[in-house]
Amino acid sequence: MKGEPYDPHAIEDRWRDFWHKRGFFKARIHDTSRKFYYLNMFPYPSGKLHAGHGRNYILGDAIVRFLIMRGWNVLNPMGWDAFGLPAENAAIEQGIHPRDWTWANIREFKRQFRAWGVEYDWDREIATCEPDYYKWTQWLFLKLYERGLAYRAQGKVNHCPHCEVVLANEQVIGGRCWRCGAEVEKRELAQWYFKITAYADRLLRDLEKLDWPEHVKRMQENWIGRSEGAEVTFKAEDGQDIVVFTTRPDTLWGATFLVLAPEHPLVDALTHPAHRDAVAAYREAATAKTEMERTAKALDKTGVPTGAHAVNPANGERIPIWIADYVMMTYGTGAIMAVPAHDERDFAFALKHGLPIIPVIARPDGLAKSFVFPGSVRSGLAEALARANIAFTAGPHRDRGEALYVTLRGEAEIDRYIDLVRAHLQPGSWCEVVGARWAFVFDDGVVPFDSVAADRKILARCKELEPKVGDKRTVMEMLAGLDFYRDVLFHAEHGTMIHSGPLTGTPGEAAVATTIRWLEERGVGKAAVHWRLRDWLVSRQRYWGAPIPIVHCPECGEVPVPEEDLPVLLPDVPTLGKQGLADIPEFILTRCPRCGGEARRDTDTMDTFVDSSWYFLRYVSPSDGKRPFDPELANRWLPVDLYVGGVEHAILHLLYSRFITKFLHDLGLLAFDEPFRRLFTQGMITYPAYWCPTHHWISPREVREGDRCPKCGAPLEVSVLAMSKSKKNVVPPDELIERYGADTERLYTLFMGPPERDIEWSEEGIRGAWRFLNRFWQLVIGELPRIAAVRREPDPARFDAAALALWRKLHATVQKVTEELEGRLGLNTAVAAIMELTNELSAYVERSDADLTLIRQTIRTVVLLLAPFVPFVCEELWHRLGEEKPILETPWPGYDPAALSEGEVEIPVQINGRVRARVRLPARDAADAEALKAMALGDPTVQERLRGHEVDRVIAVPGKLVSIVVR
RNA sequence: GCGAAGGUGGCGGAACAGGCAGACGCGCUGGCCUUAGGAGCCAGUGCCGCAAGGCGUGCGGGUUCGAGUCCCGCCCUUCGCACCA
């Protein structure tokens, strides 16, 4: 028998505007006794929302509805990150004003939110492109400028020669323009920067106090990239000081050359005349390279010598100065001391260019190797080694006869080995030990390989003895010719200092600190910390952004626009050029605020990340014309209690917002210094995307049989990717809602998997949600007549076993759902729990002796539990249940812990780790270890199993299981 | 290379304090209903086996009465960062 069919459209149309009109989503801003600031990252309004966006907004709406039912006064605003390139490009291409384009999209987004039943406090709506918002973005710039935290400096920018625009770093993909694919050029321009590096330590340190996903914190940590070490001053022969940064000052004695970045300011002065041309050519090639090329050829260690030399302050060694593009001007001091024995890059560079490599840190593993050349020792060494228990293998070496490959561990063994070799060495031969010991055994004695001088001496000697060494430039190059040695020639681990003059023998743990002290005492170095984080380049040579409020005056120079003259309005122009504001003379020409003379406005707009770095503050007082935000309200409502958005913002937006918050805190405007107390990053919804080599992205619905292109029939490349308009793999919510209703889409979106994980959208999956809602609807509608007249509350004392089981399930479900929503946001498992309860209820209502008070109570509870997920159908059913008060005014159901111990449970009994029986007993007894134990041991099946065995131990876990160990 | 997350049925996933592995949903199989099914309902569904039983959470060891979960050693996938000194 089927009742009235589930008609989502009729239901959803009925309730669509209800919640909004009743004002349930309006925050009571002055009452902060039980406040909760929930925030979704605001979107960039481009085109339309797709099902993938639902992951963020539907999730948020469900959480907020739950919080409201729990009695929180929720601030849940929404706005628009409305400045940006797509609007400007659309404007240039279609000749419409970016503002009109943007607002058309905003209207579309709002329509779609409404269709989803996703509600916000729309009285607080903001758009970053509106003058009453960007006025305060400019104000923020001025405040930073006042404190010296906004400055202008020369910098290289990415420029697309085809589009004639400057591109942000994120808009350069693989060295090419993201729009037209042209190769991006570097251009030197004066750029505005925010000095975020001044906050590096605090941004790092304060991560600790945030309730954020670990991986996001780790990403920020890496991005900020603190590294501790020392700055060491090397004197060039012509008297210049060259300061290098190193994290391994303990390797100083092994620094056999210096490398400067090609852009390093000292290069010109240092370069000797004979090298000038080569250096100039190399520098030019390096600057022409894009960042991509420079890193793509990462393994090719190119470089040229300057001809200059410096003195290693540790050992007085005269070492050459090179330039190479593996050293970046933007990190550290733009110069390094190369320690090829303990740095992989320096090792490769030194080997390639024939520079000496001197080990100065002992191997922590004590491993040493020795290759005994055929004929270099008298017979009998192999036998002697075997007697001495030294590991080796013998094998032919080319056509020269049999060689020995010896592997040694530990000092004592190495000493014994050297003695044996000396005893067997043929005159005119040599043999070396490398790794944990660096020694060359000649027929007249042992020469340690411990310095550049030793390198030269040993090499000369070897060349004398063996002509084949002839072309080798260093000892290490000679050794590197032998595969057997490869893994012991270089290591980057910490360890005891060797070959390091007075500091030789300093153990690994103390090495860095000891060396720094040594340097400081001699005035040639000091402890230093460097950061990977660089200052934030905020200039964009565009139109659709907040203009930088600076005037350039020929008399007064750089002059900030006075606060009372803000905002610097974007000029209204009929058509846009490709140069942004720089194309608009009316905008540029102005008067100097200081001297009143003719001056020019700065034509840069700010990066849109500046707009979004403070928007969460504006929501507390969105229409305040006198200040960016009401500090008193901000201090009461912020930090944001729960901030939800995509991981793609894990670094930039979140780092910038933290920086600006700390800055405003330092200005004394905010009492807190972290904007987002808890962060949740939802995963993306993926869907197959099809790529045709000629026609590019093809929408899945156009794909022909056998994954072929509809236009040319070519086989398509399929990959499952995050839904995106540009890849044409989006599922439009409008169609889903048309077919199944908004509740079905909401339910599937929340049920499909853990919200933090990426998951592929499935057509079958959404049908499952649709079927569940149908069953749920039929169940409730079918029971309405029976329970309409019921007034009594359920009384567990009168329940039979089946009723008690459902009663227990009901309370367990309320507990489960409440905990999931309050804790880890496991909405998928919350929905699953409600489905379980619904399934049990469906079975229960079929019973002839079903208790109507229980049915009524269960139905009412399920409707309330489901309301945050599927608000339309629940509001409808709640109404039909005869309730006057809307759900959002109804408290969230509670649960009674006592109910959890009602009825009977089944407990498994293990014997020697295997489940051999199950006992049924009252839940109350199962909670008692002794009662449970007795019940299990008394069970006939268990007794049968125990016959002939001695019980060794019985472990009873209350409510879980009994484990019996027998012999 | 470094950092992080992850590897569980045919699929998405569950098991969040070491306690019945596979909840919930999809798919599949059989049945009912139907002129019909991309509808609905009922039953089944990790693998091997007629069964009793055995085997099962990437692989190999270990701790424990008991391991998806803890420890040691590997393999693979995804995502960040990447010549950062």
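Letters A, B, ... mirror the listed sequences (proteins, then strands); counts begin at 1. A quick note: this is a predicted structure, and the numbers were derived from the prediction, not measured.
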Practice task
Both distances under 3.5 Å, Watson-Crick or G-U wobble: on that basis, could you give the dot-bracket string for RNA chain B, with [ ] for crossing pairs and | for other-strand partners?
Solution key: (((((((..(((......[....)))((((((.......))))))(((....)))..(((((..]....))))))))))))....

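- Note on A/Glu760: nothing from the nucleic acid sits closer than 4.0 angstrom, heavy atoms only.
- Contacts of A/Arg739 with the nucleic acid, taken as non-hydrogen atoms under 4.0 Å apart, include base atoms.
- Comparing the P positions of B/C79 and B/G68 gives an interatomic distance of 30 Å, to the nearest angstrom.
- The CD atom of A/Glu4 lies 8.5 Å from the CD atom of A/Gln778; values are rounded to the nearest 0.5 Å.
- Straight-line distance from the CG atom of A/Asp758 to the C1' atom of B/G80: 13 Å, rounded to whole Å.
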Completion exercise
B/S/- along nucleotides 61-73 of chain B (protein heavy atoms under 4.0 Å) is ----B--------

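- Using a cut-off of 4.0 Å between Lys/Arg side-chain N and Asp/Glu carboxylate O, A/Arg824 and A/Glu820 are scored as salt-bridged.
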Handout entry: Under 4.0 Å protein heavy-atom contact, by nucleotide of nucleotides 23-29 of chain B - B base, S sugar-phosphate only
Key = BBSSS--

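- The phosphate of B/A85 (OP1 or OP2) has a side-chain N or O of A/Ser227 nearer than 4.0 angstrom.
- Taking 4.0 angstrom as the limit, A/Arg248 places none of its side-chain polar atoms (N or O) nearer than this to OP1 or OP2 of B/C84.
- With C1' as the reference atom, B/C48 and B/G40 are 36 Å apart, rounded to whole Å.
- Residue A/Val327 has its side chain nearest to B/A85 when only B/A85, B/G13, B/C83 are considered.
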